[in-house]
Amino acid sequence: MPPKAVTKSAPLPPKEAALFKTLLSQYEARQLKKAIKTADQILKKVGNHGETISMKGLVLTYQGKREEGMELVKKGVLLDLQSHICWHVHGLVHKQDKNYEEALKCYAQALKYDPGNMNILRDTATLQSQLRRFDHLEQTRLTILKLRPSLKQNWVALSVAYGLNNDWAAAQKLLEEFLSMVKEVPPFDPEFSELLLFYLTVLERNGNYEKALKQLEEYTEANKVVDRMHAATFQPRLLQKLGRTEEANEKYKTLIARNPDCYDFYRAYFGHNGLSLDDASPESINTLTSELEVFANQFPHALVPRRLPLTITSGELFQTLVKQYILRGLKKNIPSLFADLKPLYGDDTKRSVIQSIVEQYRDELEAESGTKDEDDSPTTYVWTLYFLGLHYSAQGEYQRAHDILNKAIEHTPTLPELYTAKARNLKRAGDHVGAAAALDVAAELDGQDRFLNTKCATYHLRMGDVEGAQKFLGMFTKKDALSPAKDLEDMQSFKFLLEDGEARMRENMLPMALKRFRTIDKIFLDFNDEQFDFHGFCIRRFTLNIYFDVVKWANDLRWHSIYIRAILNATKIYLRLFDTPGLAAEQTAPVPEPEGEKKSKKQMKRDKVKAAEEARKAAEKEKDEDAVVVKDDDPDGHKAISVEDPLEQAAKLLQTFTSEDHQVFDIWIATYDVAIRRKKYLQSLRALAKAKHLRPSSSEVHLRLIDFQLQVSSLDKESESMESILVKEGLSRLAPGEQSLVVQNSQYLQNNSTNAPAIVSVARASHKIGVSISEVEDVAFSLLRDDVDLKYQVGVDALQLLEEINSTRVTEFRDGCQKRLPLSTAFLSKDELAKLKQKAAPQDPDASEETAANGDLVIEPTDTTPNP
């Protein structure tokens, strides 16, 4: 039975009061065992002292006994409702649990009984910053300043609070008052320099450009600004806003001379003169090209002034400039030349010009005539082939790219870049086995190259070889880690977590896949929580401009592409769990070992050594009794996937996005998929309307629009409920109500008859509507027409549809896709694919003790390309 609430407990006797002070000191010094003993001493004498009970509970939470500690903290609050210590401790425990809302409420209660407590005020200000309560933050920082006006951090903290709340005028007034009181500061003081730069930023925000410029020049001359680069970029911007064009131009030119390969300096310089490099008007092109030509002559080794004209020019001028640029890059053997020019490929004309130039140059090199001169090195030819291979691959001409890259490898078989390009092309063509084999060879050529080994591991994951990928990653992870995967998880490697999760998802290993995606979600949550410490650190270290950048970064954190990708994949798994009852039990069932299968002596020895090593590591961790060892309570992902409410879990993941009016198409599609299964028709309608607004003719939207009409058709047509009325009105704006679903589907197919994803969408919609299997098959087989640009991913999607409806033409469709996409291995049967993987797998050096110690290096990978 919980204790009765007591408004105020009696004060401690002198001896126990002294012990309580000792308890506070021991807690601050993290002497946790001693603190428990001291608390027990006090409670033997005064068993109902709320503050001591609360402190004991707080110490227990730091020892990992959270439930027991929380109970004591709540008991302590009830025993002394007017104690600021009890409420402060209660807030600290909530803060440990990342429950910042409740922690802030507890701090507010604590301040009622001790409004001048600096520790509680500082913690309150930090929580208000974390929760973006900037209006309340102003008041808290003002209270702190009034209590301690002698500390400069308090002045700065209040000015920052004003800035966060967009009250820049108050921030300027406060900073000017503070700076007027500052005595002499030594030159090049970094903290004072950051403060001055922040003050200049405040002046700029308030439109006081003249004063900001004057102060900047004064501070620079007096050596008060340490970050000279910041000052150098600040000054021309202020001159520009003051209309002093000539002076601003000279300053921008000085910056360009300082770093002639910085795109931002050129954009700022031309933007200041009213010229845009991104959307240049026909009248400004001549001016821009002439100015950039001057810069190119002034800085002969810089690439940017030669690259920028290629974006804004066209016609004969573009052809002349791009030819010079390409030949210069090829002769200098620049591997990144194609990546540099790839943004131009959005213009079909420019892409054709680039192709003709490089092909002509290749022909001249092969004929050893034409423009070949003393600048052409023997490697120029192979880099020209490398460029063409990447070019053809980017255009979807995978066979042509494959042939030319093989030709380059025959010419120079020791260049790793050729194998990485070949692997990328095979990956795009759908041959993940051949792509991994090509990268295996690249890794053999330079076994210490971390990039190559990381790429190799990535491609093995895409091939489905999870164990093989971890062998590559284990070359660069901690040797004392439990496994490479565990170390990469601790190191928060998004690349590994995403690729490994998606690989396991493709292989139908859903528990570990879901665990990987939820781990990414947890890491992003940790990122958000870790900014907590920066609220105080940036104020103490005076890194104020950076602090504003951190706040902005944290606000946009959940919109990162990695997080969105992980959330979408996790949502798909939860939807599969809902759509397939019993799938979770099937995935978590133990896998029996085949009878008669025995481990080799070598494998048994390895397992024994591994078990001994794990036992040794566990023993070492247990030496420090006070250390809280975080154990993974779900190593196989079984708890993650064994949820009773997968739809609710998916809805929670998407809740962050659905509360905002964002522009992420895939999130709206996932929101619809979850909401329609939850029978949330209005939420489904909103998600569908947003998706249709972003991509009106998307195949994903068409399929779900058909599905939504089928779902709401079961609603009572005579119903006058608000939901029914709103659904009918919304649906009338999205779909023509007078047309049947079959007609809508047919018209969409006619309008998108050569669009492969649209054809698959129509086939799926036809199956939902209830047309015959033969009609669905006819639609799916239209993918094999020559006028349809078929990608292997779309072919696999259509193949899965035919398997789902138990079509008798699956093999025929599989063969047709293989004929259309000869490089792809995605349409091979499981047995054929397994044999191909076994053939392409690199030889295990431990597999045979008879392997020659100095065998010849085989450069060419096994040819895994299936016969057309």
Pro646 and Leu577 have their tightest heavy-atom pair at CB-CB, 4.0 Å

Looking only at side chains, do Tyr381 and Glu366 share a donor and an acceptor under 3.5 Å apart?
yes

Contacts of type side-chain hydrogen bond (donor to acceptor under 3.5 Å, both in side chains), residue Arg506, not counting sequence neighbours
none

May I ask you to test the His702-Asn745 pair for a side-chain heavy-atom distance under 4.5 Å?
yes

Taking the ring of Trp668 and the ring of Phe665, is the distance between their centroids below 6.0 Å?
no

Just to verify, what does Tyr672 make a ring pair (Phe, Tyr, Trp, His ring centres under 6.0 Å) with, not counting sequence neighbours?
none

Between Ser493 (side chain) and Glu489 (backbone), is there a donor-acceptor pair under 3.5 Å?
no

Any side-chain heavy-atom pair from Leu647 and Tyr574 closer than 4.5 angstrom?
no

When rounded to the nearest 0.5 angstrom, what distance separates NZ in Lys422 from CD1 in Ile404?
13.5 Å

Can you list the residues that meet the ring pair (Phe, Tyr, Trp, His ring centres under 6.0 Å) rule with Phe496, with sequence neighbours excluded?
none

Distance-only side-chain donor-acceptor flag, Gln355 / Ser352, under 3.5 Å
no

Which residues share a ring pair (Phe, Tyr, Trp, His ring centres under 6.0 Å) with His767, sequence neighbours left out:
none

Contacts of type ring pair (Phe, Tyr, Trp, His ring centres under 6.0 Å), residue Phe578, not counting sequence neighbours:
none

Partners meeting side-chain contact (heavy atoms from CB on, under 4.5 Å) with Met463 (sequence neighbours left out):
His432, Val433, Ala436, His460, Asp465, Lys837

Verdict with supporting geometry, Arg677 and Asp579, salt bridge (Lys or Arg N to Asp or Glu O under 4.0 Å)
CA-CA 9 Å; Arg677 287 169 172 81; Asp579 294 340; 3.0 Å; yes

If you round to the nearest 0.5 Å, how far is CG of Leu575 from CD1 of Ile676?
12.0 Å

Do Ser699 and Asn755 have side-chain atoms, one donor and one acceptor, less than 3.5 Å apart?
no

Quick check for you: to the nearest 0.5 Å, what is the distance between Leu341 atom CG and Ile354 atom CD1?
5.0 Å

Please determine if Asp348 and Arg351 form a salt bridge, counting it only when a charged side-chain N lies under 4.0 Å from a carboxylate O.
yes

Side-chain contact test, heavy atoms from C-beta onward, threshold under 4.5 Å: evaluate it for His391 versus Tyr345 and give yes or no.
yes

Quick check with a 6.0 Å cut-off and a 45 degree axis cone: is Arg400 positioned over the face of Tyr392's six-membered ring?
yes

Checking the side chain of Gln744 only, and the main-chain atoms of Gln739 only, is there a donor and an acceptor separated by less than 3.5 Å?
yes

Rounded to the nearest 0.5 Å, what separation is found between the CG atom of Asn752 and the OG atom of Ser697?
6.0 Å

Heavy-atom closest pair, residues Thr571 and Ala650
CG2-CB, 4.1 Å

Of Thr414, Leu405, Val441, Asp440, the one forming a side chain to side chain contact (heavy atoms under 4.5 Å, CB included) with Tyr419 is Val441

Residues in side-chain hydrogen bond (donor to acceptor under 3.5 Å, both in side chains) with Asp673, at least two apart?
Arg704

Give a yes-or-no answer on whether the side chains of Thr458 and Glu499 include a donor-acceptor pair shorter than 3.5 Å.
no

Nearest-0.5 Å distance that lies between atom CG in Asp778 and atom CD in Glu775:
7.5 Å

With a 4.5 Å limit on heavy-atom distance, are the side chains of Arg820 and Leu783 in contact?
no

Could you tell me which residues satisfy side-chain hydrogen bond (donor to acceptor under 3.5 Å, both in side chains) with Thr808, sequence neighbours excluded, listed by chain and number?
none

Show me the side-chain donor-acceptor pairs of residues 688-695 shorter than 3.5 Å, one per line, residues at least two apart or across chains.
from	atom 1	to	atom 2	distance (Å)
Lys690	NZ	Asp661	OD1	2.7
Lys690	NZ	Asp661	OD2	3.4

With sequence neighbours excluded, residues passing side-chain hydrogen bond (donor to acceptor under 3.5 Å, both in side chains) with Asp403
Gln399

Kindly determine whether Glu502 and Arg516 satisfy salt bridge (Lys or Arg N to Asp or Glu O under 4.0 Å), including the steps that lead there.
CA-CA 9 Å; Glu502 291 177 347; Arg516 295 288 187 238; over 6 Å; no

Phe451 meets the side-chain contact (heavy atoms from CB on, under 4.5 Å) criterion, sequence neighbours left out, with Asp449, Lys455

CG of Leu439 to CZ of Phe472, rounded to nearest 0.5 Å, is 9.0 Å

All side-chain contact (heavy atoms from CB on, under 4.5 Å) counterparts of Glu812, not counting sequence neighbours:
Phe781, Arg809

N-O pairing of Asp797 and Arg764 below 4.0 Å
yes

